[in-house]
Amino acid sequence: MSPPPQADTDPEPATVLLVDDEFDTRFVVRLLLEADGMRVVEAFNGADAIAQLKDTSVDVLVTDIDMPGVDGPALVAALRAEPTTAEIPILAWGEREPQGLDVDATLAKGAGVRQMVDEVNRLLGRSL
Amino acid sequence: MSWTRRVLVALAVGLLAAVVHGLLPAGVVRAVVHDAATWLLVAALGVRIWRAPVDRRAWSWIVPSGFALLAAGNVMWDVLLRGGPDPTGGVAEGLFLVGYALTAVGLRGVASGHVRGGWGDIRLESVAVGAMAGALVWVWGGPAAIAAGEAAGGVVASGLVALSVIRAWSLVRIADVHRLSWRLTVAALAMLLWLVTDVVHAATAAGTYTTGGWPDTVWFVATVLLILGLGGRTVPRTETPAAASDEPVTLARRAALGGTVGLIPMVVLLGSGAAGRELAVLIAATAVVGLTVVLNGERLPVWAARAHRGRDEADARSLRLFEEASWATLLIDPEGGGIVDANPAAADLYGYSISTLRSMRISEINTLSPADVAAEMARARQQTRTSFEFRHRLADGTVIPVDVYSGPTTVGGRQLLVSIVHDATDRHRALDLEAMVATRTVELELALRRSQASEQAAARLARVVESAGEAIIGLDLDGTIISWNPAAEALYGYCAEDAVGQPITLLTDPEYAAEPLMLLQRVGGGESVVGHLTVRRARDGRTRQVQISLTPILGPGGKVVGAAALDLDVTRLQTAERAAGHAVEMFETIFRSGAPQGVTDLDGQFIEANDALCELLGYSRELLLGMRVGEITDATDREETRRYMAAFRGGSAEGMQLRKCFVRRDGHIITVLANLTLLRDADGEPEAVIGLLQDVSAQAEAEQQLSQREALLQGVLSSTANVSSVYDTVGRCLFAAGAGLEVIGETPDSMVGSYFVERHGDSTEMMDGFRRAVAGASVDVVRPFRGRVFDVRFRPVVRSGASGHVALAVTDITDREHARQAVERSERRFRALVQHANDAILQTDPRGVVLAAGAGVERLVGLAPDEVVGNSVLDFVVPEDWEQVVADLASLSRGAVTRATVAVRHASGEIRQVEYDAVDLRDDDAVGSLVVTLHDVTERVRADRERDRHAGELQVVNQELEEALRVRDHILAATTHELRTPLTPMVGLIELMRARWDDLDREDLWRYFEVLRRNTDRLTSLVEDLLFATGLRSGVVMAAPEAVPVGPAVRKALGRFPETVDTPVVEVEVSAWCTPDHLNQILTALVANAVKYGLPTYGASIDVGLRTVTVSISDRGEGVPDDVVETMFEPFSQGSTGDTRTATRLGLGLPIARALAESNGGALEHRPGPQGGSIFVLTLPTVPASAAAEPGLIPEVSA
């Protein structure tokens, strides 16, 4: 699959850190986000995500809730406690729409992958 | 036998002894006889001491001990020392000397004890002093004397002489104290003889004189005399007084004694035919003896004079009294308070021995402080006081009141106090009793205030008052004028009608307003006021100087009820003398007219007596004025009379009222109440005592008779009696009255003259009661009689102290009795009800003791009613409930009901639950106890418990159901999650493919297709798992094993998960004996688990055992928590961990995998990885030999 053409107004592609334990889910979501011109970094759980953040600047973070090891809520708490990561916009999505998390957007996986990509764009300040 | 004759006999015996001694051959025989005499002396003294009645101290063991040592020394001396040096190395001499000193010191001590009580006790100190003195002499000169035989011996001898002087002197002194009893005189004489021998010994030792052995004879004679004097059975002290009184020792006798003593050596000297030098020495010795006698003789006149005076007057008599008196007597040293001597009665009273008393001080006995005791003794010595009331402490610690009469006395030339001590306990008791009687008497007398006698006296007084020429005003103690004579009217201008009933202040000048009541207060206390000058105001307003004399008016019982005032107008009198004369005159007017009055001086000598007093006492005035109060006072009162007279003398009392008993001239004893007032002279010094007497004898007697009459009346006429009757001793009715007679069909006439036995002979109780009443007892009997029930009270009628008549007070109590019986019947019915009721009913007392029990109780506790009654309910209550039962019964208030449940133990041991209602019906006449109703609630309690148990079970079921519902919810949630997870990429991919279908190349499509297929597989296997899990729970898992190559199966499973595609497989070509689908399912589950819960890197290895194939799937994750290890092989178990991550997992993989492994004859285990993470080990059987033989089943072997 060839990457979609980049918009002129946004020469630097936004970087999205995608955290999910399901390989296939990450695969499909990556495809969708890259189709929208975003760069995607993957992590398979919260601990992995934090490791990725050490050497990657991230514009939006998308995280699953249920994951082995450090799960979604633990990741959110860790990021918000750390000043360098406290401002990263976060979209949390799970089987059910997550409640009570200090995140910028939430979504149920049942709502569809397309909507999740739209939500990421919104967090990036893009109007679609 | 006279004292002189006895002494002469003794001297004769002494001479006989001298002759016998002279006949004895010199040498050992004589020495033995010699020494035997000393031993005899020792024995005699021992007997003496043993037989001394009270006081062994006087003849303390020290004296015979000394003599014994002396004798021992002598024996050694005689037997061993004779004719040579001392073979005992001085022991004999030492014994001799110590003994010598002991006798001296001992006798000295005895002398002191008898005379002074100073160091009167011969105590250990005496022994020590004696022994020390002897030892000193011995050490000083003894051995030296033996060695040198000469000069030092003289020193020893001098010491002996000194001791001997002490000894003889002491004995003489003892003899003196004991009034020179003949025995002691002989002993003293013997001591002097010993002194002579000692002097001669001294002279011999000093080498100045040699004898022909005569000192031995003298010594022997002296010893015999000592035996005679000190030995024997008689106790000198008891025979002393007679001898003393008969034979006063004069100075002449002393001189004769000295002369005799001095003569003896001369006689001996002449008898022995001594030469000139001997004569000279003997004269010197005689001089020493004479000096001794003179030394004593100088004192003798003094002693003799004192003894003489004492003997001639009261000394001898008092000494005899002292010894023999039945009253306790103490001789006390007034200086230190030491008790010098005490008589046997004192020893009895105090409980100390005489010797102990002698060692005590009076302050140890008297409970007063020592200073107070000393002060009292000083007063006694100066004779300012002779009688005391003390409280003395006895040996056993009790303190008793004592009366002590104490006075100075001279004993043995010393000023001592003799105190006679009476135990006053009884008197005090009697005084208390008397006080009670007196109080009662006064009460009775007050009750008789309006008796005729006093009315007569008042009338007599009134006549006198009316006729008097001076103003006489009667006042009551409040100051109200109660009588007013014409002279008063003349003085003050008020007529009797105006004055009587007015306060006396009517007459007082305002300046003196408070005065009358002050004077009346004094009169009320029994005093008379004589010649008090004051100012009064007459009706016309003019003031009058008056001189007032107030005399108490005695009412019945001798109580002061008012005052008679003589008011003498001195305004117009020339001199005070005249006023005084008038006052005295008027006073005498009253004195002569009223109640018996008398005046005595401070010694009790009558100096004035009025006619009434003379009449009362039966003496003429002339006779009475020559007498003292004490002479006409009954013995029981004398002491008190002395006491109050002393109080008046001392001015410590102004007035008093007391009850006195006088002896009339005719011998009758009369009782009077005396109001005594101290009169003082012009200087305020006590001068005389005026007494107003009231004869209360007649009143007392009348009152006694009255009370007897009252008693009789009370006995006869009990207020509630229906019949009152009196019987004489033989049971004849003397009197009968009362409404009750009618009831029993009698009249007073039918009763009087009949006999008690006629009506009551059938009743032993009545007859017995009558007999006992005749004997003086009060008896109450309930008597059913002629259809009625009577309460019969027998009361003895006491008349003049003799019992005899019997009064009967009979009350008809039939109705009361009926009521009582009704109550009893009711109570019986209730008991019967209790006993026969089917319910378990108990009657108990408040402590739970069963009074009655019903039949139901037996069913409940298995005990028959008679086994329960009398015992506590606690007997069948289980101990755990005792406290509750006790508390319930105790807190039960009258009429209230308490309900509680307790466990009771049936006799069979079975425990039953009982609910009881307890009610206190003690106030209910029909019940009178606690009533406890018991209900067996065992079944109910059992049912309750069953219900509780079922409820518990139900709760468990409910919990299980709730758990099941929770599990169901979990399964639903987990299933949703499991379904959602593969669906998310599938839906997303489908959307992508639709949107970009035209842009997708084949390769993309293939990759997308692979994703879709994989997730479809997951969904499929999930559904299969669910189906399988359902089957697993129902136990339907069918295995159809065959040989399955393991390696390809592992690779296939890893291939299903993209995460594990690069996983190296340690592969062995081997086949397992397993259902192929099952193997796939197991391995897929293990890889899925590793991917889900573990972390890369994953590992897979295959090992071949003997009959097994093992597949291990490992990961590098965090491992499995312990609590999860326990449950991860159980279906739907993951929800129980509470882990948010696992909460949404279905958790079917591992349980299914294990179930499949086991159904194929294998196993699935988990073990922790060596570097963290987990290893799941699947073990399956290898292909069996039987199956291996078949073609196609041989394990694949490939490259």
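Letters go in sequence order (proteins before strands), and every chain restarts at 1.
Between A/T25 and B/P985, the shortest heavy-atom contact is OG1-CD, 3.5 Å. In this structure, A/V113 and B/T984 approach most closely via the heavy-atom pair CG2-O, 3.8 Å.
In terms of the side-chain contact (heavy atoms from CB on, under 4.5 Å) criterion, residue partners of B/L961 (sequence neighbours excluded) are, by chain and number, B/V957, B/N958.
When atom types are taken as modelled, the side chain of A/E22 and the backbone of B/T981 share no donor-acceptor pair closer than 3.5 angstrom. In this structure, the side chain of B/R996 engages the main chain of A/A35 through a donor-acceptor pair within 3.5 Å.
Interface with chain B: from residues 44-60 of chain A, residues A/F44, A/N45 qualify, criterion being any non-hydrogen pair under 4.5 Å.
Only the side chain of A/F27 comes within contact range of chain B, with heavy atoms under 4.5 Å apart.
Heavy-atom contacts from other residues, nucleotides or ligands closer than 6.0 Å to CZ of A/R39 number 12 or fewer.
Rounded to the nearest 0.5 angstrom, B/F1057 CZ and A/D24 CG are separated by 10.0 Å. Residue A/K109 holds its NZ atom at 9.5 Å from CZ of B/R980, rounded to the nearest 0.5 Å.
The greatest number of non-hydrogen atom pairs below 4.5 Å with chain A, out of B/G988, B/A995, B/P982, is found for B/G988.
Proximity of B/Y1008 to A/L31: side-chain heavy atoms (C-beta onward) are separated by under 4.5 Å at one or more points.
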